[in-house]
Amino acid sequence: MKIICSRNQAAGTADRMIYGHFLEHFHRQIYGGVYDPYSSFADEDGFREDVLSALRRIRAPIVRWPGGCFVSAYNWKYGVGKNRIATYDKAWRVEESNRFGTDEFIKLCRKIGSEPYICTNAGTGTAEEMSDWVEYCNLREMGRYAKARIANGYPEPHRVRYWSIGNENWGGHEIGAKDARAWGALVREAAKMMLRVDPTIELSAAALADTDWNMELLRAAGQYLDRISLHGYWGNTENGLVPDDYKTVILHTGEDISGGIDRVRATLTALGLEKKIRIAYDEWNLRGWYHPNLMDIGNRSALRGETESFYRDEVIGQRDKNDINSIYTMADAVFSASFLNTCLRNCDIIDTACFSPAVNTRGAIFTHKNGIVLRPQYFVFDLYTRRLKDTVLKTWAEDAPTISGQAWGTRKTVDTVDAVITCDDNEYAVAAVNKDPAAEQELFFRFLEETPREMRVHTLNGPSPDAYNDIDRTRVGVAISAWRPFEGRVTLPPHSVNVIELK
Ligand code: AHR
């Protein structure tokens, strides 16, 4: 494949907020993940220092919290102050200790140098509760909530700039789901109250790649919003054990990602909002989380006879399957890099993205008693946040090979090589993914202005597409070549993610 670019033809500037992460009160993400006061890795505030330093290394720019489905029945007021009351989490059917609340979340963000991004409860919650949360976080001292924050030991406002109203309130699975008309009205009223507390905050609202939903939402509340939130998961695991195979995964790296973005772009453009409102892809990952037997419409009858052992083993116990590290392979790395490349190509309309989640469940970092495991997708963030530049150039491809096959019951064709060229005033950094499970791919470059003279290549890979890391087992990692003369081409190994630095 040949890729052509010109320094004078930029697609735009990538916002580093696309390298964000998400943490939910689910399974071991918070308790036993980032926060574990009894761990030998715990710092003075109960946070796992090994996890914090891994998050610092990938320069997590923003972290979305506390959910996900969890937030749609979450009352933030139980999670602040000295007397934390344990509550029953109706989203995930477990007890929530509330030991980790708003102040701990802000502390986490400060420790890793991230922006806090709070998702509000638009399920059982009210516009007033959402705006009270903004008061607690952002007002210096006026009102009862700012005073409560001060009394809780935080005299300075938390200055939370990024907020999203609701989580997936379009879906029947969500507590407090709404129809589009009701959703537009709630978002409008919540936004008005939140902005009356702090007009400097930036707001997103739960949406999806559905024109009708977005039209209702944007007509009702577009004037108050800075973003709309999209979520995406593309892969599954059979019985929580057998992940989709590599070939199936890569067939989801094309239209299945970009199609939804194009639909939202069309709606925003139709409403003349494409310069005002951007997309926050604030939950994305290849694999959906595994949490079977959660009471929803589908299996009500099966749960009618639920016993304690069923609840323990088939509802809660099953979630431990998310911890099986062999599920997370080079397929996850290749998919994650393809997703981020899509965000870079759409940097004019996507300025935020949150990998879901950062820690445990399907996350990039896995914690265990004696340390952490860095899963393949972790290194994609390592490479992209540390090596890529901010200017994204438009590119033209010639002789681009493709891969075709069946996935989700339809025939799909995707590019074998996904390459994005970024640059700054001095250097280029090319993010190039070779999705081919077995064959190398030659990538030829044509720079319309000066051609770089030197090249260095960072290659994330493992011995096979199914290679994975685990406790006492490292098969996937990054190899860095030395600087060498650039001959206008590079060889991409099979099933690999590469960053090619050129100067
Ligand atoms: O499976 C995890 C859930 O996926 C998140 O809580 C929700 O936002 C999404 O549907």
Side-chain angles (χ1 to χ4, degrees), residues 20-31 33-34 62-74 76 89-94 96 100 105 117-125 163-178 183 187 204-210 213 227-240 243-244 252 257 260 279-299 315-316 318-324 327-328 332 335 339 352-364 377:
H21 291 268
F22 169 50
L23 280 170
E24 175 160 357
H25 287 236
F26 175 80
H27 199 231
R28 294 186 322 109
Q29 293 174 30
I30 300 289
Y31 305 110
V34 288
I62 189 167
V63 177
R64 178 176 178 254
W65 170 89
C69 299
F70 170 82
V71 75
S72 294
Y74 175 65
W76 69 270
D89 163 6
K90 294 185 180 73
W92 298 118
R93 302 190 65 210
V94 291
E96 167 58 44
F100 189 101
F105 172 59
Y117 177 23
I118 293 182
C119 180
T120 64
N121 173 359
T124 60
W163 297 78
S164 78
I165 299 173
N167 179 77
E168 299 188 356
N169 301 82
W170 40 261
H173 63 284
E174 197 72 14
I175 290 175
K178 312 232 171 356
W183 182 239
V187 171
S204 188
L208 71 172
D210 177 281
W213 179 274
R227 298 177 182 84
I228 56 173
S229 295
L230 296 188
H231 291 175
Y233 298 92
W234 288 265
N236 292 305
T237 49
E238 200 185 312
N239 300 327
D244 291 339
H252 292 309
I257 301 174
I279 294 172
Y281 225 119
D282 55 26
E283 264 188 53
W284 72 272
N285 196 337
L286 164 60
R287 306 186 197 281
W289 305 357
Y290 191 64
H291 38 66
N293 303 319
L294 190 68
M295 200 306 289
D296 56 30
I297 303 141
N299 59 358
V315 179
I316 304 305
Q318 291 293 313
R319 298 172 188 183
D320 292 344
K321 289 179 178 173
N322 290 290
D323 283 345
I324 302 169
I327 290 173
Y328 312 102
D332 296 74
F335 180 90
F339 179 88
T352 308
C354 301
F355 184 70
S356 170
V359 179
N360 289 332
T361 314
R362 304 295 196 204
Q377 54 274 47

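Both ligands and their constituent atoms are indexed starting at 1 by order of listing. We're numbering straight along the sequence, starting at 1.
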Mind running side-chain contact (heavy atoms from CB on, under 4.5 Å) on Tyr328 and Asn322 for me, showing each step along the way?
CA-CA 10 Å; Tyr328 312 102; Asn322 290 290; 4.3 Å; yes
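At least one side-chain heavy atom of Arg362 sits less than 4.5 Å from a side-chain heavy atom of Tyr290.
For Glu24, the side chain to side chain donor-acceptor pair (under 3.5 Å) partners are Trp92, not counting sequence neighbours. Under the rule for a ring pair (Phe, Tyr, Trp, His ring centres under 6.0 Å), His231 has no partner lying at least two apart in sequence or in another chain. Checked against salt bridge (charged side-chain N to carboxylate O under 4.0 Å, His left out), Arg28 has the following partners two or more places apart in sequence or in another chain: Asp323.
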Which N/O atoms of ligand 1 sit under 3.5 Å from a protein N/O, and at what distances?
from     : atom 1 : to     : atom 2 : distance (Å)
ligand 1 : 1 (O)  : His291 : NE2    : 2.7
ligand 1 : 6 (O)  : Glu24  : OE1    : 2.7
ligand 1 : 6 (O)  : Glu24  : OE2    : 3.2
ligand 1 : 6 (O)  : Cys69  : N      : 2.9
ligand 1 : 8 (O)  : Asn167 : OD1    : 3.3
ligand 1 : 8 (O)  : Asn167 : ND2    : 3.0
ligand 1 : 8 (O)  : Glu168 : OE2    : 3.4
ligand 1 : 8 (O)  : Glu283 : OE1    : 3.2
ligand 1 : 8 (O)  : Glu283 : OE2    : 2.6
ligand 1 : 10 (O) : Glu168 : OE1    : 2.5
ligand 1 : 10 (O) : Glu168 : OE2    : 3.1

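Aromatic ring centres of Trp284 and Tyr233 lie farther apart than the 6.0 Å criterion allows.
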